[in-house]
Amino acid sequence: MTSPSADIAVVGAGILGLATAFELQRRGARVTLYETGRPGQGQSAGQSRIFRHAHADPRLVDYAVTARGIWREWSELLGQDLIAPDGALAIGPKVADQHALLDEHPGVDARLVDADELRARLPVVADYDGPVMLDAGGGSIATLTAIALLSERLDEALVRDHVLSVRQLGAQDVEVRTGTGLRHHDAAVICAGRGTPSLARGLGLSLPVEQGAHVRVSFRPRTDVPSLATLQDTSGAFGESGVYAAAAEDRSRYGVGLAAAVPVGEDGTMLAPEGLAEHVQRVVAYVGRALPGLDPEPLDYVHCWVTRLPWGDDGVAVWTADDVALVAGHNLFKHAPALGRDLAATVLDGAVPALLRPENRLGEAVAS
Ligand SMILES: Cc1cc2nc3c(=O)[nH]c(=O)nc-3n(C[C@H](O)[C@H](O)[C@H](O)COP(=O)(O)OP(=O)(O)OC[C@H]3O[C@@H](n4cnc5c(N)ncnc54)[C@H](O)[C@@H]3O)c2cc1C
């Protein structure tokens, strides 16, 4: 066990590194947060993300409930609501199973709703008469605000430098070499997103991380709208069966993307260079059919690498090598407060919470 006032390095200031550094500070640790560029520039970039409780793995539903509780706590601590009250909508054939799972959970307010409620929560949507679920505690995450407020709190801890290597030299002696420096810490947490597997290799770990590329396109509502719930569309009713959408904090734009990633080689080569442009075309066509309340002219784009574990799109795990913890997975923005707390506990208390150990394959879809 490391002392609570331990000196901990966190590598990467995406949402997970920020969350971990914040939770470490709250537990009294001294933190150095290394970031190559701007906090939030990597996979955490962009104006919104979906918070949803619905996951195919019931353990991840529990985890999302925990994360939602800490988002509330952070909203109070940081003085700003970080999840919009408009809710999270899901449409399509998976809704019945998703609802059955969420309905069993006392911490989740999810219900099947009719077309009127769909239209009230998401006034930009086209007519749809299939099954709809509302997750009232879900909604768009105010990503820019969350990154900005956490970065502000961690300003003194931030070292803007690229980490080349992390090595364990002895008990509670972890060496971090950066472009222009060399420091020793009691322990380290690596939250470097796409950079995590290469730092892991230096520690003798081979993480089964697969890379892909994603694009999220933003559109402006044609009129002011009182609500813009997030949307998870697996229906196929509008020509696509895997679409995600979330709103910017001021509801001035709605970001829409396909769930599928564009394939990327191990060395980061885009295997089909036209892939991102094709996804944009599909998203624009989808908006024309499914979201006629949006102006179909794209306002902006977020192009991002994504990292994924082989057991599912929502898979997540934490590895350790002596005093170093490493995290990898996909769709983790929503879980960041819970992961930050668990990663802080991993290095301060000396053990990965069982659920997050790789052999437990958290986020694996359960056959229904
Ligand atoms: C388009 C898109 C839509 C998404 N939608 C959702 C969603 O709706 N809901 C959801 O929950 N999740 C969603 N996700 C996933 C979610 O955004 C990511 O899982 C999450 O942001 C990952 O955060 P991170 O901190 O692990 O990684 P990153 O944000 O990538 O942070 C890693 C940081 O480490 C830094 N770094 C890397 N290597 C080094 C090094 N050697 N030295 C120093 N710094 C280094 C990078 O510069 C970067 O800032 C989406 C992702 C994308 C791309």
Side-chain angles (χ1 to χ4, degrees), residues 9-21 32-55 60 63-64 67 71 83 88 138-141 143 146-147 150-151 158-166 176-179 181 188-200 202 209 211-218 230-232 243-247 255-262 276 279 283 301-309 313-316 318 326-340 343 363:
V10 176
V11 182
I15 191 62
L16 292 192
L18 290 164
T20 304
T32 307
L33 175 58
Y34 295 96
E35 169 56 51
T36 301
R38 261 181 309 106
Q41 66 167 8
Q43 294 183 64
S44 306
Q47 305 206 12
S48 60
R49 290 288 187 276
I50 298 175
F51 185 97
R52 60 181 155 93
H53 290 95
H55 290 92
L60 209 48
Y63 206 69
W71 277 113
I83 299 188
S140 298
I141 306 172
T143 51
I147 300 270
L150 290 170
S151 302
L158 189 65
V159 171
R160 288 174 193 270
D161 209 346
H162 186 69
V163 172
L164 276 76
S165 71
V166 177
V176 175
R177 283 181 189 268
T178 62
V189 184
I190 301 182
C191 306
R194 192 174 174 238
T196 297
S198 55
L199 292 171
V209 173
Q211 288 189 60
H214 265 270
V215 55
R216 179 76 55 103
V217 191
S218 286
T230 66
L231 180 66
Q232 188 185 3
V243 173
Y244 286 89
V256 186
L258 303 180
V262 173
L276 288 170
H279 275 215
V283 167
Y301 305 86
V302 175
H303 296 110
C304 251
W305 303 110
V306 292
T307 50
R308 178 187 180 281
L309 294 174
D313 275 345
D314 292 321
V316 53
V318 172
L326 308 93
V327 62
H330 183 38
N331 282 328
L332 303 183
F333 210 112
K334 68 178 85 60
H335 300 304
L339 284 168
L343 286 161

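Any value given below was found using the heavy atoms of this structure, including those in side chains, with hydrogens, waters and symmetry copies removed. In each ligand, atom 1 is the first atom listed, and ligand 1 is the first ligand listed. We count residues from 1, following the sequence as given.
No donor-acceptor pair closer than 3.5 Å links the side chain of Ser48 to the backbone N or O of Ser140. Listed for the Trp71 side chain is a donor-acceptor partner under 3.5 Å among the backbone atoms of Lys334. Side chain of Thr32 to backbone of Ala9: no donor-acceptor contact under 3.5 angstrom is found.
Between Phe51 and His53, the ring-plane angle classifies as perpendicular under the 30° and 60° cut-offs. Aromatic ring pairs are classed by plane angle as parallel below 30°, tilted from 30° to 60° and perpendicular above 60°; the pair His335 and His55 is tilted.
For Arg52, the salt bridge (charged side-chain N to carboxylate O under 4.0 Å, His left out) test picks out Asp314, with sequence neighbours left out.
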N/O to N/O under 3.5 Å, ligand 1 against protein:
{"residue": "ligand 1", "atom": "5 (N)", "partner": "Arg216", "partner atom": "NH2", "Å": "3.1"}
{"residue": "ligand 1", "atom": "8 (O)", "partner": "Ile50", "partner atom": "N", "Å": "2.8"}
{"residue": "ligand 1", "atom": "9 (N)", "partner": "Ile50", "partner atom": "O", "Å": "3.1"}
{"residue": "ligand 1", "atom": "11 (O)", "partner": "Asn331", "partner atom": "O", "Å": "3.3"}
{"residue": "ligand 1", "atom": "11 (O)", "partner": "Phe333", "partner atom": "N", "Å": "3.1"}
{"residue": "ligand 1", "atom": "11 (O)", "partner": "Lys334", "partner atom": "N", "Å": "2.9"}
{"residue": "ligand 1", "atom": "11 (O)", "partner": "Lys334", "partner atom": "NZ", "Å": "3.2"}
{"residue": "ligand 1", "atom": "14 (N)", "partner": "Arg49", "partner atom": "NE", "Å": "3.4"}
{"residue": "ligand 1", "atom": "17 (O)", "partner": "Gln43", "partner atom": "O", "Å": "3.0"}
{"residue": "ligand 1", "atom": "17 (O)", "partner": "Arg49", "partner atom": "NE", "Å": "2.8"}
{"residue": "ligand 1", "atom": "17 (O)", "partner": "Arg49", "partner atom": "NH2", "Å": "3.4"}
{"residue": "ligand 1", "atom": "19 (O)", "partner": "Leu332", "partner atom": "N", "Å": "3.0"}
{"residue": "ligand 1", "atom": "21 (O)", "partner": "Gln43", "partner atom": "O", "Å": "3.4"}
{"residue": "ligand 1", "atom": "21 (O)", "partner": "Ser44", "partner atom": "N", "Å": "3.4"}
{"residue": "ligand 1", "atom": "21 (O)", "partner": "Ser44", "partner atom": "OG", "Å": "2.8"}
{"residue": "ligand 1", "atom": "23 (O)", "partner": "Ser44", "partner atom": "OG", "Å": "3.2"}
{"residue": "ligand 1", "atom": "25 (O)", "partner": "Ile15", "partner atom": "N", "Å": "3.3"}
{"residue": "ligand 1", "atom": "25 (O)", "partner": "Leu16", "partner atom": "N", "Å": "3.0"}
{"residue": "ligand 1", "atom": "29 (O)", "partner": "Gln43", "partner atom": "N", "Å": "3.2"}
{"residue": "ligand 1", "atom": "29 (O)", "partner": "Ser44", "partner atom": "N", "Å": "2.9"}
{"residue": "ligand 1", "atom": "29 (O)", "partner": "Ser44", "partner atom": "OG", "Å": "2.5"}
{"residue": "ligand 1", "atom": "30 (O)", "partner": "Gln43", "partner atom": "N", "Å": "2.9"}
{"residue": "ligand 1", "atom": "41 (N)", "partner": "Val163", "partner atom": "O", "Å": "2.8"}
{"residue": "ligand 1", "atom": "42 (N)", "partner": "Thr36", "partner atom": "OG1", "Å": "3.3"}
{"residue": "ligand 1", "atom": "42 (N)", "partner": "Val163", "partner atom": "N", "Å": "2.8"}
{"residue": "ligand 1", "atom": "44 (N)", "partner": "Thr36", "partner atom": "N", "Å": "3.2"}
{"residue": "ligand 1", "atom": "44 (N)", "partner": "Thr36", "partner atom": "OG1", "Å": "3.0"}
{"residue": "ligand 1", "atom": "47 (O)", "partner": "Glu35", "partner atom": "OE2", "Å": "2.6"}
{"residue": "ligand 1", "atom": "47 (O)", "partner": "Gln41", "partner atom": "NE2", "Å": "2.7"}
{"residue": "ligand 1", "atom": "49 (O)", "partner": "Glu35", "partner atom": "OE1", "Å": "2.7"}
{"residue": "ligand 1", "atom": "49 (O)", "partner": "Glu35", "partner atom": "OE2", "Å": "3.2"}

